[in-house]
Chemist: 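Can you read through this structure? Questions will come right after.
Quick note: residue numbers are just sequence positions, from 1.
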Amino acid sequence: MKWFEGNVASAIDSAQSKRCLFIVFAADVEATSVSMQDTWDDDVVAGVTDNYVALKVAKGSDSYTQFTQIYAVSEVPTSYLINSVTGGALEVVSGAVTADELAARLKSAVEKLSSAVSSMAASSTSSTSPTSPPAEESSPSAAAAATGSTREDKERQQRVAKASEMIAAKRLEKQEREKQAAIDSEMSRRSAGKQLQEYKAQQEARGAADHKKEMRREKQEADRAREDIRRKIAEDKAARQRSKESDPSMPATASRSPASSHPAALPSDTARIQFRFPDGSSVTEDFSSSAQLSVARQFVAMNVGSRWPAGFTLQTTYPRQELTTEVDEQTLQELSLAPRSALLVLPKSTGRRHGGSGGGSGSAVSPLSGLWKILMVPLLLLQAVWLWLTGASSSAPSPSPSSTSQSSSQPMAQATAAAGPSEARQRRKKGTDTGSSFGVSKEGSVNRFKPNDGQDEDDEDMGTWNGNSTQQQ
């Protein structure tokens, strides 16, 4: 079966122009419609006639809606065999039928259409012929058929026009609905976007408020913790004050304890001095800032006792400076020992550094330096004796030295030993040591010792002096 491609109006015009059978097949996607579609495509049905216009309309389509405005469709599938000239239904086949039954009904519709077309042609010829009898003498049946045909054509045309108008109206209505739906969708999208922005703004505002609230809470907690600390400090101060008032010996004990990491504030007229001893211990005492240094020295003397028979010295920590007895009459404020300071208490040494002045004006000698000098005395004596022996043997005329040379060299050795390494070094530099067999040769800024009597140069006897303050051996 060859189906027409177009709408209902075009199919009707095509069938009217051909004066052929107009077939309309209304179907859907159900199995019955599929079976009826196969029946229409059968060769038995297709071989009945080839003078037809067949239109297939799907349920729910515009062509289906337009066709139902003209012909009432009770069920689907339904096949309509229509007279294209008059518009009347020659056969209506409901549901699915066999190919033979459909071919028989199609053949009957073709015969009915041929009879109707023949009668209409005969009536048209009789009305236009000059020799035709008068109208009242014509056949009554032909006149009635012609009148019925004309009325049916007008009704059919009215129904087609009405259906076209309804289809156009529905199309416009559908377009309006789609346009309104698009507008509503856009409005909904904008409204949703606006609501989303408002929600985000509310979330941000809520987050900022929560952050401020959290910061305020943390600040309040910090303030409470600070107040608790201040309250505990005040309670501790009050407890210490009560303990000090109840026990008079507490201040002296507290003054001799190590300094705390957070010392209490001192009055403006008080000088707190910490005395540090060589063994690592310390004693702290409070004095009046207008008191003299001699008061602090007496306090240290009471604490030292008889441990250091030679006495002691007081020195500042930084810069290192000894506080001699000459400044005992000055006040602690004048010596910059108030309100807090630390003094080193060191034992006095029996010896002084070379070049120091007496009367306590020189700097104190450390215990390690004194011990080192004590250990150096035997070595210096041996060196002086060795120098004297070597010098005496080289200068004597005979192998056995005389008593005069021995007596003269002994005081020199003693003087060399008493002078210490510094004077011996100076004499060797200047070449004035009469008991030495070495001379000095100068090469640029470097002075080199060498034997005076032509002896072999030994690496242990040789040394260099760079002329500044050190000697390289």
Chemist: Salt bridge (Lys or Arg N to Asp or Glu O under 4.0 Å), that's the test. Do E204 and K200 meet it? Break it down for me.
Modeler: CA-CA 6 Å; E204 291 177 357; K200 288 183 178 180; over 6 Å; no
Chemist: Check the side chains of Q157 and R159 for a donor-acceptor pair under 3.5 angstrom, ignoring hydrogens and angles.
Modeler: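 Judged by distance alone, the side chains do not pair up.
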Chemist: Are M36 and V97 side-chain neighbours, meaning at least one heavy-atom pair lies under 4.5 Å?
Modeler: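 Answer yes - side chains close enough.
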Chemist: Please examine the side chains of P339 and S289, heavy atoms only from C-beta on, and report whether any two atoms are closer than 4.5 Å.
Modeler: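 No. Closest side-chain heavy atoms not under 4.5 Å.
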Chemist: Tell me whether S14 contacts the main-chain N or O of S10 through its side chain, where contact means a donor paired with an acceptor under 3.5 Å.
Modeler: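 The answer is no, because no donor-acceptor pair under 3.5 Å joins these two groups.
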Chemist: Over all heavy atoms of both residues, which pair between F22 and A15 is shortest? Give the atoms and the distance, please.
Modeler: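 Looking at all heavy atoms of both residues, the shortest contact is CB-CB, 4.0 Å.
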Chemist: Take the angle between the ring planes of F287 and F275 and call it parallel below 30°, perpendicular above 60°, tilted in between.
Modeler: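 Taking F275 first and then F287, their aromatic rings stand perpendicular (interplane angle over 60°).
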Chemist: Please name the pair of heavy atoms, one in A109 and one in E91, separated by the smallest distance, quoted to 0.1 Å.
Modeler: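 Closest approach of A109 to E91: CB-CG, 3.9 Å.
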Chemist: Thinking salt bridges, do E227 and R230 make one under a 4.0 Å N-O criterion?
Modeler: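 Yes, E227 and R230 are salt-bridged.
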Chemist: Judged by atom type as modelled, is there a donor-acceptor pair below 3.5 Å linking the side chain of R189 to the main-chain atoms of D184?
Modeler: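 The answer is no, because no donor-acceptor pair under 3.5 Å joins these two groups.
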Chemist: For a 4.5 angstrom cut-off between non-hydrogen side-chain atoms, does T316 reach L343?
Modeler: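 T316 vs L343: side chains touch.
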Chemist: Using modelled atom types only, decide if a donor and an acceptor are shared between the side chain of T270 and the backbone of S288 within a distance under 3.5 Å.
Modeler: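 The answer is no, because no donor-acceptor pair under 3.5 Å joins these two groups.
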Chemist: Hey, are the side chains of S79 and V92 touching, using non-hydrogen atoms and a 4.5 Å cut-off?
Modeler: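 Of all side-chain heavy-atom pairs linking V92 with S79, none is under 4.5 Å.
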Chemist: Check whether S185 reaches the backbone of A181 with its side chain - one donor and one acceptor, N or O, closer than 3.5 Å.
Modeler: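 Such a contact is absent between S185 side chain and A181 backbone.
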Chemist: In terms of ring plane angle, is the pair W40 and W3 parallel, tilted or perpendicular, where the classes change at 30° and 60°?
Modeler: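 Because their plane-to-plane angle is over 60°, the rings of W40 and W3 count as perpendicular.
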Chemist: After noting the C-alpha distance and the side-chain angles of F67 and Y80, does the key distance pass the ring-ring contact (aromatic ring centres under 6.0 Å, His included) rule?
Modeler: CA-CA 11 Å; F67 182 75; Y80 290 85; 5.3 Å; yes
Chemist: Please report the shortest heavy-atom distance between A96 and T32, naming the atom on each side.
Modeler: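 Where A96 meets T32 most closely, the heavy atoms are CB-CG2, 3.8 Å.
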Chemist: Quick one: does any side-chain atom of S191 pair with a main-chain N or O of M187 as donor and acceptor, under 3.5 Å?
Modeler: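 No, because the side chain of S191 does not come within donor-acceptor range (under 3.5 Å) of the backbone of M187.
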Chemist: With no hydrogens and no angle check, just 3.5 Å: does a side-chain donor-acceptor pair link R217 and Q220?
Modeler: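 Result is no, nothing qualifies.
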Chemist: State which residues pass side chain to side chain contact (heavy atoms under 4.5 Å, CB included) with A26; sequence neighbours excluded, sorted by chain then number.
Modeler: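 Expected list: V57, Y64.
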Chemist: Any luck finding a side-chain donor-acceptor pair between D42 and T39 under 3.5 Å?
Modeler: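 Looking only at side-chain atoms, T39 and D42 do not form any donor-acceptor pair under 3.5 Å.
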Chemist: Any donor and acceptor pair, going by atom type alone, linking the side chain of S61 with main-chain N or O of A58 inside 3.5 Å?
Modeler: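 Looks like yes, one N/O pair under 3.5 Å.
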Chemist: Side chains of L293 and L337, heavy atoms from C-beta outward: is any pair under 4.5 Å?
Modeler: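 They are in side-chain contact.
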Chemist: Using a strict cut-off of less than 4.0 Å between a Lys/Arg side-chain nitrogen and an Asp/Glu carboxylate oxygen, indicate whether E235 and R231 qualify as a salt bridge.
Modeler: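 Between R231 and E235 there is a salt bridge, with a charged N closer than 4.0 Å to a carboxylate O.
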Chemist: Think R307 forms a cation-pi with F312, using NZ or CZ under 6.0 Å from the six-ring centre and within 45 degrees of its axis?
Modeler: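 Verdict for F312: no cation-pi partner in R307.
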Chemist: Can you tell me if D279 and S281 form a side-chain donor-acceptor pair at under 3.5 Å?
Modeler: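 Side-chain D/A pair, D279 to S281: present.
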Chemist: Backbone N or O of K219 within a donor-acceptor pair of the R224 side chain at under 3.5 Å?
Modeler: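 Side chain of R224 to backbone of K219: no pair is present.
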Chemist: Taking all heavy atoms of C20 and all of N51, pick out the closest pair and write down the distance.
Modeler: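 Minimum heavy-atom separation between C20 and N51: CB-OD1, 3.0 Å.
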Chemist: To the nearest 0.5 Å, what is the distance between CG on L90 and CG on L106?
Modeler: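 Going from CG on L90 over to CG on L106, the span is 10.5 Å.
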Chemist: Counting neighbours of CD on E5 that are heavy atoms of other residues, nucleotides or ligands and sit closer than 6.0 Å, is the number greater than 12?
Modeler: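 Incorrect, the count does not exceed 12.
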Chemist: Whether the side chain of S35 engages the backbone of A31 through a donor-acceptor N/O pair (distance < 3.5 Å, no angle test) should be reported.
Modeler: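 Answer holds: no.
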Chemist: Would you confirm whether S33, through its side chain, and D28, through its main-chain N or O, come within 3.5 Å as a donor-acceptor pair?
Modeler: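 Between the backbone of D28 and the side chain of S33 there is a qualifying donor-acceptor contact (under 3.5 Å).
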Chemist: Does any part of the side chain of Q315, heavy atoms only, come nearer than 4.5 Å to the side chain of R320, both counted from C-beta?
Modeler: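 In short, these two side chains touch, coming nearer than 4.5 Å.
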Chemist: Under a 4.0 Å threshold between the charged nitrogen and the carboxylate oxygen, would E111 count as salt-bridged to K107?
Modeler: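 Looking at E111 together with K107, the answer is no, because their closest N to O distance does not fall below 4.0 Å.
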